[in-house]
Amino acid sequence: MKAVITPAQISICHFTSKKALVVMAFYQPLTNVIPRRQMAELYIKLGREISYGESGDGSKQEATAVFRQALQIDSENADAQDALKNLIVE
């Protein structure tokens, strides 16, 4: 029986943006287990935590990278596209 991990089972807690790469590295192996749309949603949540939680160019750059990763997973994801556009406009 194959184990199924859902986004609800993976908690995104508050963290500093410097930990974003660690979180992304954790998510990477799950791309074969979690459906693409749900995986992209995890990255979008991560990007929003970074972009809303901190200020400065460093956090904007990291949030941009996370949103782009979401688009690599699900290229037509409107939420990721909008989040990236909003981040670039700010």
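For the numbers below, each heavy atom of this structure counts, side chains included, while hydrogens, waters and symmetry mates do not. Predicted, not measured: the structure shown is a model, and the values here were computed from it.
Heavy atoms only, all atoms of each residue included: Gly47 and Val66 are closest at N-CG1, 3.5 Å. Minimum interatomic distance between Ala70 and Ile44 (heavy atoms only, all atoms of both residues): CB-CG1, 4.0 Å. Of all heavy-atom pairs between Ser51 and Leu87, the closest is CB-CD1, 3.8 Å. The shortest heavy-atom contact between Met39 and Ile73 is CG-CD1, 3.8 Å.
Looking at Ile88 and Leu84, their side chains come closer than 4.5 Å, going by heavy atoms from C-beta outward. Counting only heavy atoms from C-beta outward, the side chains of Arg48 and Phe67 approach each other to under 4.5 Å.
Gln81 places a side-chain N or O within 3.5 Å of a backbone atom of Ser75 that can act as its donor or acceptor partner.
Of the inter-residue distances, the one linking Gln72 atom CD with Gln69 atom CD reads 4.5 Å to the nearest 0.5 angstrom. Of the inter-residue distances, the one linking Lys60 atom NZ with Ile50 atom CD1 reads 14.0 Å to the nearest 0.5 angstrom.
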side-chain contact (heavy atoms from CB on, under 4.5 Å) evaluation trace for Arg37 with Asn77 | CA-CA 8 Å; Arg37 175 75 183 169; Asn77 188 299; 2.8 Å; yes
